*Asks:* 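Mind looking over this structure? Questions follow.
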Amino acid sequence: MKRRIPGALLLAPAVLATAGAGSAQSADPRIDQIQVIGTHNSYALPADPRAMKLMAPRLAALHAAAIQRLDAQKRAQLAEEHPGGIADPALALDYVQMPIEGQLRMGVRSLELDLNPDPAGGAYADPLPYRELRAAGAKDLAPIYEDILRQPGMKVLHVADVDFRSQCPAFRQCLSLLRQWSDANPGHSPVFILLEPKFGGLDKMLPGAAHVPTFDAAAFDEVDAAIRDVLGAERMFTPDDLRGKYPTLEAAALAKAWPRLSAARGKFLFLYLVPGLNLDAFKPYMAGRPSLEGRAAFVQGLPGMAHTAFVLVDNALVRAAEIPDLARRGYMVRSRADIDTAEARRNDAERRDHTLASGAQVVSTDYLSAPNIYGNGYHAAPFPGGWRINPVTADQPSHRMKR
C-alpha cells in the first residue's frame, strides 16, 4: 500500500506559495525557509537513438560488473541513490529538458551542470559511437557543437561517449545563458546551481572512449574564475558571504545566518555535489580553506564538517526523518522528486510528494509539466515566482549575529 501524505501538504503550488502571507517571515523569509524546484542534468539534449542503442548495452554490462565489485555497504548506498531498478541506460537517461532559459522563465530555480575538464580542447569532440556509426555509413547524427567542443575550457556534458549532447557544451556558455536571463529579469529570486565534477571516463574499460582529464587544482580554479568573470561578484552569494564572522561555515548555517530573500534576489549560489562523498577529490579546492574561504561555491558535506552548509539526501522515502531534521537545523538540503525516470514511467507521485513535504530546500525533477514525455500526468511544476514557503523550516527563528 502506498504511503499517503496529509492533504494539507498536497495543496496546489500556488496556494502553498502564498500560505502564511500575512506574517513578516513569509513576506521576506530567509532562503533556507523557502523551497524551489530544479532540474537534473538541466543542460541535457536527447541522445541520438542510434548512438544510445550502440552504447547502452556496453554501459549496462560495465555497470553490472562494477556493482558486483562493491561491498555490501556501497551496494546499499547505490540502491538508495538509484532505487528505480532501471539498469538500462537507454531507459534511465530517457528524459528531455527544455531550453535553460525556458526553465528559468517557468520558475525553475535550480539547475545542475556536470563539469568535464578539457584544458587542451577537443577531448569530447569525436565521441566513440559517432565514429563507429559514421564508419558504418550513418549520416545526419544529432549535432554536438563540434566547434565549441574543440576549444580549450571546461565542458558541460553528462557521460562522455554515452550521454554527451548538451545545450551549452562550454561551461562559460552555460554561465552566459544565466547572465543573459538574469540581466533581463533583475530582482529574480535566487538560483541554486549544482555543479558535479567528473573525475574519470570509460577509456580504461572501453577502448576508444574519451579520456577525461584530471579534475585538478587548475580545473577547480578555472570553474571559480569563470563564475566570477561571467556573472560578477554582485550576482553571487558565496561561502564567505554566509560565514561572515562565524568561526566556520557550518556554524553560520546552524545559526541560520542565511540571507533574507530580499537580500538574495538577483543572485546565484553555486553548490558542488561530491560523487560518492569522495571529499579527497576536493582537496585541491579545499586545501588551506576549511570553510571554503575565498571560494565561489559551497561543497556538499556531512554534519560536523567545518565546511558543511549544503547536504545531499536524494531519497526522501528512505530518509523521511533525516531531511526535515537537517533543514530545521539550518543546512541547505537538495533532494529528488524522481530518479532515473522510474516514477514518471509509472505515473507515481509518492516520492515527489514526500520530497516536497520533507523541507528540502531544493527539489530536483526531470519533468516540469504534464503530460510528460510518457503521456501521463506525473510532473513537479515550478512554483509561481520561483519559490514557495518551506513547509518545514518557515517557522524556525533566526539567530543571526550582528555585523
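Quick caveat, the model's predicted, so the values are computed rather than measured.
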*Asks:* Which pair of non-hydrogen atoms, one from Y246 and one from A257, has the smallest distance, and what is that distance?
*Replies:* CE1-CB, 3.8 Å
*Asks:* Can you find a pair of side-chain heavy atoms, one from Q35 and one from Q361, that are under 4.5 Å apart?
*Replies:*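 No, too far: nothing below the 4.5 Å cut-off.
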*Asks:* Taking CZ in R105 as the centre, count heavy atoms belonging to other residues, nucleotides or ligands within less than 6.0 Å. Is the count above 12?
*Replies:*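 Open: at most 12 neighbouring heavy atoms sit under 6.0 Å from CZ of R105.
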*Asks:* Does CG in N278 sit with more than 12 non-hydrogen atoms of other residues, nucleotides or ligands closer than 6.0 Å?
*Replies:* yes
*Asks:* Do the side chains of D325 and R328 get close enough for a salt bridge, i.e. N-O under 4.0 angstrom?
*Replies:* no
*Asks:* Using a cut-off of 6.0 Å, state whether more than 12 heavy atoms not belonging to E234 lie near its atom CD.
*Replies:*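 Check passes, neighbour count above 12.
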*Asks:* Tell me which one of T341, N41, D366 satisfies side chain to side chain donor-acceptor pair (under 3.5 Å) with Y95.
*Replies:* N41
*Asks:* For side-chain hydrogen bond (donor to acceptor under 3.5 Å, both in side chains), just list the numbers for R109 and S189, CA-CA rounded to whole Å, side-chain angles, deciding distance to a tenth of an Å, and then say yes or no.
*Replies:* CA-CA 8 Å; R109 289 297 181 268; S189 54; 2.8 Å; yes
*Asks:* Tell me if a side-chain donor or acceptor on R131 pairs with a main-chain N or O of D126 at a distance below 3.5 Å.
*Replies:* yes
*Asks:* Check whether the side chains of D340 and H82 place a donor and an acceptor atom closer than 3.5 Å, and report yes or no.
*Replies:*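 There is such a pair (donor and acceptor under 3.5 Å, judged by atom type) between the side chains of D340 and H82.
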*Asks:* Compare every heavy atom of P89 with every heavy atom of L59, then report the nearest pair and how far apart it is.
*Replies:*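 For L59 and P89, the tightest heavy-atom pair comes out as CD2-CG, 3.8 Å.
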*Asks:* Under the 3.5 angstrom rule, does the side chain of T308 hit a backbone N or O of P303 as a donor-acceptor pair?
*Replies:* no
*Asks:* If the threshold is 4.0 Å, N to carboxylate O, is there a salt bridge linking R329 and E250?
*Replies:* no
*Asks:* Looking at K198 and E196, does any basic side-chain N land under 4.0 Å from a carboxylate oxygen?
*Replies:* yes
*Asks:* With heavy-atom distances below 4.5 Å as the criterion, would you say the side chains of P190 and F237 are in contact?
*Replies:*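 P190 vs F237: side chains apart.
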*Asks:* Y285 and ring-ring contact (aromatic ring centres under 6.0 Å, His included): which single residue from F270, F220, F215 fits?
*Replies:* F220
*Asks:* Side chains of R260 and Q33, heavy atoms from C-beta outward: is any pair under 4.5 Å?
*Replies:*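 A side-chain contact under 4.5 Å exists here.
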*Asks:* Do any N or O atoms from the side chain of S110 and from the backbone of G38 form a donor-acceptor pair under 3.5 angstrom?
*Replies:* no
*Asks:* Quick check: are there more than 12 heavy atoms from other residues, nucleotides or ligands sitting under 6.0 Å from OH of Y145?
*Replies:*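 Incorrect, the count does not exceed 12.
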*Asks:* Carefully, step by step, assess H379 and N372 under the rule side-chain hydrogen bond (donor to acceptor under 3.5 Å, both in side chains).
*Replies:* CA-CA 7 Å; H379 70 297; N372 61 37; over 6 Å; no
*Asks:* What verdict does the side-chain hydrogen bond (donor to acceptor under 3.5 Å, both in side chains) test give for S42 and Q97, after you've listed the backbone C-alpha separation in whole Å, the side-chain angles of each residue and the deciding distance to 0.1 Å?
*Replies:* CA-CA 6 Å; S42 311; Q97 304 292 19; 5.6 Å; no
*Asks:* Are the side chain of E343 and the backbone N or O of R351 linked by a donor-acceptor pair below 3.5 Å?
*Replies:*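 No; judged by distance alone, with no hydrogens or angles, the pair does not exist.
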*Asks:* Looking only at atom types and distance, does a side-chain atom of Q167 sit under 3.5 Å from a main-chain N or O of M98, one as donor and one as acceptor?
*Replies:*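 Side chain of Q167 to backbone of M98, a donor-acceptor pair under 3.5 Å: yes, one is there.
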*Asks:* Considering the options D94, I373, V96, which one meets the side-chain contact (heavy atoms from CB on, under 4.5 Å) requirement together with P46?
*Replies:*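 Exactly one candidate clears the test, V96.
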*Asks:* Between V191 and W181, does a side-chain contact (heavy atoms from CB on, under 4.5 Å) hold up when you go through it step by step?
*Replies:* CA-CA 11 Å; V191 184; W181 170 80; 3.9 Å; yes
*Asks:* Kindly indicate whether the side chain of F199, heavy atoms from C-beta on, has any atom under 4.5 Å from the side chain of V212.
*Replies:*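 In short, these two side chains do not touch, never coming nearer than 4.5 Å.
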*Asks:* Under 4.0 Å between a side-chain nitrogen and a carboxylate oxygen: does that hold for K155 and D118?
*Replies:*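 Counted as a salt bridge, because a side-chain N and a carboxylate O are separated by less than 4.0 Å.
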*Asks:* Quick test of your reading of the model: are K267 and D241 salt-bridged, counting only N-O distances below 4.0 Å?
*Replies:* no
*Asks:* Before we go on, tell me: are the rings of F268 and H188 under 6.0 Å apart, centre to centre?
*Replies:* yes
*Asks:* Under a 4.5 Å cut-off applied to non-hydrogen side-chain atoms, are V156 and P169 in contact?
*Replies:*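 The answer is no; the side chains never approach within 4.5 Å.
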*Asks:* Give me the atom names and distance for the closest heavy-atom approach of A263 to P259.
*Replies:* CB-CB, 4.2 Å
*Asks:* Any side-chain heavy atom of N116 sitting closer than 4.5 Å to one from F171?
*Replies:* no
*Asks:* Using side-chain contact (heavy atoms from CB on, under 4.5 Å), reason through I148 and Q173 one step at a time and then give a plain yes or no.
*Replies:* CA-CA 9 Å; I148 294 175; Q173 184 186 10; 3.7 Å; yes
*Asks:* Would you please say whether a donor-acceptor pair under 3.5 Å links the side chains of D338 and T365?
*Replies:*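 Short answer, yes.
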*Asks:* Ignoring hydrogens and angles, tell me if any N or O in the side chain of S182 forms a donor-acceptor pair with the backbone of L178 under 3.5 Å.
*Replies:* no
*Asks:* For R295 and D224, work out which heavy atoms get closest and say how close.
*Replies:* CD-OD2, 3.1 Å
*Asks:* Distance to the ring centre below 6.0 angstrom and angle to the axis at most 45 degrees; does that hold for R334 and F310?
*Replies:* no
*Asks:* Answer whether the closest heavy-atom distance between the side chains of L279 and H307 falls below 4.5 Å.
*Replies:*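 SC-SC contact between L279 and H307 confirmed.
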*Asks:* Decide, yes or no, whether a salt bridge links D28 with R265 under the criterion of side-chain N to carboxylate O below 4.0 Å.
*Replies:* no
*Asks:* What is the minimum heavy-atom distance between Y130 and A142, and which atoms define it?
*Replies:* OH-O, 2.7 Å
*Asks:* Can you give me the closest heavy-atom contact between F164 and L157, atom names plus distance?
*Replies:*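 The pair with the smallest heavy-atom distance is O-CB, 3.8 Å.
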*Asks:* If we ignore angles and hydrogens, is there a donor and acceptor under 3.5 Å between the side chains of D161 and Y124?
*Replies:* no
*Asks:* Walk me through it: do N376 and R345 pass the test side-chain hydrogen bond (donor to acceptor under 3.5 Å, both in side chains)?
*Replies:* CA-CA 8 Å; N376 63 57; R345 289 178 182 276; over 6 Å; no
*Asks:* Is it true that a side-chain atom of S291 and a backbone atom of T248 form a donor plus acceptor pair closer than 3.5 Å?
*Replies:*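 Here the side-chain-to-backbone pair does not exist.
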